[in-house]
Amino acid sequence: MTAISTSEFKVSSHSYRKVAIAACFGTFLEWYDFLTFATLAVVFAPLFFPSTDPSTALLASLATFGVGMVVRPIGAAIFGSIGDRIGRRPVFMITITLMGIATVCVGFLPTYGQVGIWAPILLVGLRLLQGLSAGGEIGGSAVYLTEHAGDSNRGFKTSFLQLMGPLGILVSTLQIALLQGYLTQEEFLSWGWRVPFWVSLILLLVAFKARMALEETPIYLQLSKTEAQSKNPLRDNFKDPETRKRMFLLFFCISAGGAVLFFCVQVYTSIFLKTSVKLPPQLVDQLSVYATIALLPLTIFAGWLSDKIGRKPVIVSGLILGATLILPAFHLLQNIGQEVIQDSATSKIIITLILIGLSAILALVVGPQTALLAELFPAKTRNSAATLPHNLAAGWIGGLLPLIVTWLNQEWGSNLAGLWYPTIFLVSGAVVAILYLPETRTTNLLS
């Protein structure tokens, strides 16, 4: 491939901040829309899945959240291939519009008490649209940002994209906490839960305008000039043995490990503290906010560290620590949670520190992840090669984790038994990463 000219690359580097802000804000909206549902899973259970058994209703609500995750690989296959054939930028415009419209519609859905079985059917349909959109956005945005980042400090520069998931949860959680504080329980269940979905319309308009100014990546522009794009990226990926191997490593080690930790730390801890430990929802949301705020600088630090010592040692450390400490951490949360119910201030501090510790482990895996997604694959099939395994792992492994863990807990009659599932997965991912994951820190993205 002909190298990109120096002047062309300088223009791209000079505009990186603008590109990063626009790309990150759009990804923030995707996560805000997608994860608001998870934050409200406990609320949706009685509204859309009424049952005499609260556990059954919660399982149905978590299954609906999981449906959106399961179809993410389909969105990744569709939009990832489009990104390799016609460019990274057009995909962003499509995915953000699809996500925004689906999310706003959730805010106007009738409940089961109003239209019966049509309520959960419509909710599942909108979750499917959200999942398709997220599959095209999450992963593709990592490729887009990394191809704009240049060769120096790629881990640090691109780690900011990983903040969008926690920020999405943070804004959603704060918004819901404020609504629950100002509204009565009856008002919140009647219409208050809809407000976060209505707000997404405003965010969609802002994000869409920002993305209109996005530039195509210099690497894809060079592919276009030399007519080096792949006509069938998915087929080419699976025909090449080295690409297949790296897609598996991305799926099993980096993306699945990150997804398991993300949903354990950012999603399931909240569900666990509310349903198993039975802490007040407002208190859980408050403690979760502290942990999420701590995650932000920790993620950037992990991205910076991966520039200094390499992507592999940072990610492997996170996988090993996660496999070792997930079960003990939740065991402590359960025991100390009983003291919190008795209004122990010290216990609240300890729970906050445990949540921050779990966030630090998560940061080690996701901090270098954005750069690594792009560095693993050749330029002409990079978008599809990165997005498919990444979304397959996030959707099928991470997205179903709250449902599987809750189901295993009920089957074994224990609040902690289901956590053996993520623990075993993290152990396996760490072993495979140690043996086979290549170091990519010095990779030339033009190749």
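Everything numeric here is computed off the predicted structure, so don't read it as measured data.
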Which residues pass the ring-ring contact (aromatic ring centres under 6.0 Å, His included) test with Tyr436, not counting sequence neighbours?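 Partners of Tyr436 under the ring-ring contact (aromatic ring centres under 6.0 Å, His included) test: none.
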
Report yes or no: does [X] contribute a side-chain atom to a donor-acceptor pair with the main-chain N or O of [Y] at less than 3.5 Å?
X	Y	result
Asn391	Pro73	no
Trp198	Gly107	yes
Ser81	Ile78	no
Arg246	Leu376	yes
Ser172	Gly168	no
Glu147	Tyr144	no
Gln114	Thr111	yes
Ser255	Leu250	yes
Ser276	Leu273	no
Thr146	Thr370	yes

Interatomic spacing from [atom1] in [X] to [atom2] in [Y] - rounded to 0.5 Å:
X	Y	atom1	atom2	value
Leu388	Asn237	CG	CG	8.5 Å
Phe238	Thr243	CZ	OG1	10.5 Å
Ile326	Thr269	CD1	OG1	9.5 Å
Phe272	Cys264	CZ	SG	11.0 Å
Thr387	Arg72	OG1	CZ	10.5 Å
Ile300	Lys157	CD1	NZ	14.5 Å

Would you mind telling me which of Thr103, Ile96, Thr95 makes a side chain to side chain contact (heavy atoms under 4.5 Å, CB included) with Met99?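 Considering Thr103, Ile96, Thr95, a side chain to side chain contact (heavy atoms under 4.5 Å, CB included) with Met99 is found only for Thr103.
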
Check Leu419, Leu416, Ile271 against Val405 for a side chain to side chain contact (heavy atoms under 4.5 Å, CB included) and give me the one that passes.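 Exactly one candidate clears the test, Leu419.
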
After noting the C-alpha distance and the side-chain angles of His390 and Gln369, does the key distance pass the side chain to side chain contact (heavy atoms under 4.5 Å, CB included) rule? CA-CA 10 Å; His390 181 67; Gln369 191 179 83; 3.3 Å; yes

Any [X] side-chain heavy atom under 4.5 Å of [Y] side chain:
X	Y	result
Phe79	Ile82	yes
Thr292	Gln266	yes
Ile176	Val195	no
Pro196	Leu179	yes
Leu355	Leu333	yes
Pro110	Trp118	no
Leu205	Lys209	no
Trp420	Leu327	yes

For Arg154, all residues meeting salt bridge (Lys or Arg N to Asp or Glu O under 4.0 Å), sequence neighbours excluded: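 Partners of Arg154 under the salt bridge (Lys or Arg N to Asp or Glu O under 4.0 Å) test: Asp151, Glu375.
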
Looking only at heavy atoms, which two atoms of [X] and [Y] are closest? And how far apart?
X	Y	value
Pro368	Val314	CG-CG1, 3.7 Å
Leu358	Ala329	CD2-CB, 3.8 Å
Ser159	Gly367	CB-O, 3.5 Å
Gly155	Ser306	CA-OG, 4.0 Å
Thr158	Ala149	CG2-CB, 4.0 Å
Thr423	Ala323	CG2-O, 3.4 Å

Give a yes or no on whether the ring-centroid distance for Trp193 and Phe48 is below 6.0 angstrom.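 Yes; Phe48 has its ring centre under 6.0 Å from that of Trp193.
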
Step-by-step side chain to side chain contact (heavy atoms under 4.5 Å, CB included) determination, Ile397 to Tyr421: CA-CA 10 Å; Ile397 305 301; Tyr421 167 69; 4.1 Å; yes

Around atom CZ of Phe156, are there more than 12 heavy atoms of other residues, nucleotides or ligands at under 6.0 Å?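 Atom CZ in Phe156 is not packed in, count stays at 12 or less.
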
Verdict with reasoning, Phe252 to Phe425, per side chain to side chain contact (heavy atoms under 4.5 Å, CB included): CA-CA 9 Å; Phe252 192 73; Phe425 209 103; 4.1 Å; yes

Parallel, tilted or perpendicular: ring planes of Phe330 versus Tyr268, cut at 30 and 60 degrees: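 Tilted.
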
So, applying side-chain hydrogen bond (donor to acceptor under 3.5 Å, both in side chains) with Asn415, which one of Gln334, His331, Gln410 is it?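 Testing each of Gln334, His331, Gln410 against Asn415, the sole residue satisfying side-chain hydrogen bond (donor to acceptor under 3.5 Å, both in side chains) is Gln334.
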
In sequence, state the C-alpha distance, the side-chain angles, and the governing distance for Leu437 and Ile254, and then conclude on side chain to side chain contact (heavy atoms under 4.5 Å, CB included). CA-CA 9 Å; Leu437 184 67; Ile254 301 104; 3.5 Å; yes

